[in-house]
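Each remark here refers to the structure printed beneath this line.
Start at 1 with the first residue, then count along the sequence.
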Amino acid sequence: MIRCIDVCKTYRQGGSEITALAGVSLDISAGAFAVIMGPSGSGKSTVLHLIGGLDRPSSGDVLVDGKLIGQMPDDQVTLFRRRKIGFVFQFFNLLPTLTALENIALPLVLDGQPRTEAARRAENLLVKVGLENRRGHLPEQLSGGEIQRIAVARALAFGPPIVLADEPTGNLDSRTGGVILGLLEKINREEGCTVVLVTHSEEAARRGTQRIFLRDGKVES
């Protein structure tokens, strides 16, 4: 499902060149719950962003569902990402003026789907994450754990085969974080989604079916 082949990523910072990834190669099978770990600055989030088409490698190849995502034109990457990949971020990224249901339905509406169909899909996803009684609440009226569950539901709007989660429990207490991890496990198991989770959490690592450790921009194990 996901393959990185000798991937390097460098950035310019002032007059210096920063190496984020230095020849990363890895494979993640379809249906895996893959956990990427490593110390700060090891390149975890960079790998996730390249897999998700949010950035492009400086060299090497990133294949997602058989497509060289790093070599696609921008418009094709946008469409591929929208249909194939769901994102869950540490800082939630919900729109504060939209209700829980509207936040989930928004990607579908922007894709041109009728609002009634988008709302119906959003209702079903609210049930899946156990928040059907919060459909009309704004983000400020929800707890951190509820907001993240809404973000997970939004990531599933198109029924993507891949869900990428970047430190999704980083702003949550341990109990609430466990709920989010359990929800991602449920999605992986019941929906067959390939889940790729970036985390510092040892608890999260224990839940993975595949564990990848990065250090200094390289795969350590």
Donor-acceptor pairs under 3.5 angstrom involving side-chain atoms of residues 190-198: please list them, not counting sequence neighbours.
from   : atom 1 : to     : atom 2 : distance (Å)
Glu191 : OE2    : Lys128 : NZ     : 2.6
Thr194 : OG1    : Gly31  : N      : 2.8

Quick one: side-chain hydrogen bond (donor to acceptor under 3.5 Å, both in side chains) pairs with a partner in residues 34-47, sequence neighbours left out? Ser45-Asp166

More than 12 heavy atoms of other residues, nucleotides or ligands under 6.0 Å from CG of Asn93: yes or no? yes

Which value, rounded to the nearest 0.5 Å, describes the distance between Lys67 atom NZ and Gln76 atom CD? 9.0 Å

Would you say the side chain of Leu108 lies within less than 4.5 Å of the side chain of Arg121, judging by non-hydrogen atoms? yes

Within this structure, what is the NZ-CE distance for the pair Lys84 and Met1, rounded to the nearest 0.5 Å? 7.5 Å

Could I get the full list of side chain to side chain donor-acceptor pair (under 3.5 Å) partners for Asn188, not counting sequence neighbours? none

Provide the full list of side-chain hydrogen bond (donor to acceptor under 3.5 Å, both in side chains) pairs with a residue in residues 20-29, sequence neighbours left out, each pair given once. Arg3-Asp27

Could you pull out all donor-acceptor pairs under 3.5 Å where a side-chain atom in residues 172-185 meets a protein atom, sequence neighbours excluded?
from   : atom 1 : to     : atom 2 : distance (Å)
Asp173 : OD1    : Arg175 : N      : 3.1
Asp173 : OD1    : Thr176 : N      : 2.8
Asp173 : OD1    : Thr176 : OG1    : 3.0
Asp173 : OD2    : Thr176 : OG1    : 3.1
Glu185 : OE1    : Arg207 : NH1    : 2.7

Output the distance between atom CZ (Arg211) and atom CE (Met37), rounded to the nearest 0.5 Å. 9.5 Å

Nearest-0.5 Å distance, CD1 of residue Ile36 to CD of residue Glu167: 11.0 Å

What distance do Ile5 atom CD1 and Ser59 atom OG have between them, rounded to the nearest 0.5 Å? 12.0 Å

For Glu220, check side chain to side chain donor-acceptor pair (under 3.5 Å) against everything at least two apart and list the hits. Arg215

Work out which heavy atom in Pro57 is nearest to a heavy atom in Gly70; give both atom names and the distance. CD-CA, 4.0 Å

For Ala204 and Thr199, the nearest pair of non-hydrogen atoms, with its separation, is CB-CG2, 3.7 Å

Going by side-chain contact (heavy atoms from CB on, under 4.5 Å), name the residues that satisfy it together with Ala32, two or more places apart in sequence or in a different chain. Ile28, Thr209, Gln210

Are any side-chain N or O atoms of Gln141 and backbone N or O atoms of Leu138, one a donor and one an acceptor, separated by less than 3.5 Å? yes

What are the two closest non-hydrogen atoms of Gly43 and Leu21, and how far apart are they? O-CD2, 3.6 Å

Measure across Thr19 and Ala22 and return the closest heavy-atom pair with its distance rounded to 0.1 Å. CG2-CB, 4.0 Å

How about Ile150 and Leu126: do any of their side-chain heavy atoms sit closer than 4.5 Å? yes

Val24 vs Lys9, test: side-chain contact (heavy atoms from CB on, under 4.5 Å). Steps then yes/no. CA-CA 9 Å; Val24 166; Lys9 181 64 183 180; over 6 Å; no

Checking Arg189 now: which residues fulfil side chain to side chain donor-acceptor pair (under 3.5 Å) with it, not counting sequence neighbours? none

Pairs involving residues 66-90, ordered by first then second residue, that meet ring pair (Phe, Tyr, Trp, His ring centres under 6.0 Å) (sequence neighbours left out): Phe87-Phe89

Name all pairs fulfilling the side-chain hydrogen bond (donor to acceptor under 3.5 Å, both in side chains) condition that reach into residues 102-117, sequence neighbours left out, sorted by first residue then second. Arg82-Asp111, Arg83-Asp111, Thr99-Glu102

Specify the closest pair of heavy atoms between Ile69 and Ile85, including all atoms of both residues, with the distance to one decimal. CD1-CD1, 4.4 Å

What pairs of residues pass the side-chain hydrogen bond (donor to acceptor under 3.5 Å, both in side chains) test when at least one of them lies in residues 147-163, not counting sequence neighbours? none

Does Thr10 reach the main-chain N or O of Glu17 with its side chain, forming a donor-acceptor pair under 3.5 Å? no

Grab the two heavy atoms, one from Ala105 and one from Ala119, that are nearest each other, plus how far apart they are. CB-N, 4.3 Å

Rounded to the nearest 0.5 angstrom, the CD-CD1 distance for Glu140 and Ile147 is 9.5 Å

Which residues satisfy the salt bridge (Lys or Arg N to Asp or Glu O under 4.0 Å) test with Arg56, sequence neighbours excluded? Asp74

Do Glu123 and Leu101 have side chains that approach each other closer than 4.5 Å (heavy atoms only, starting at C-beta)? yes

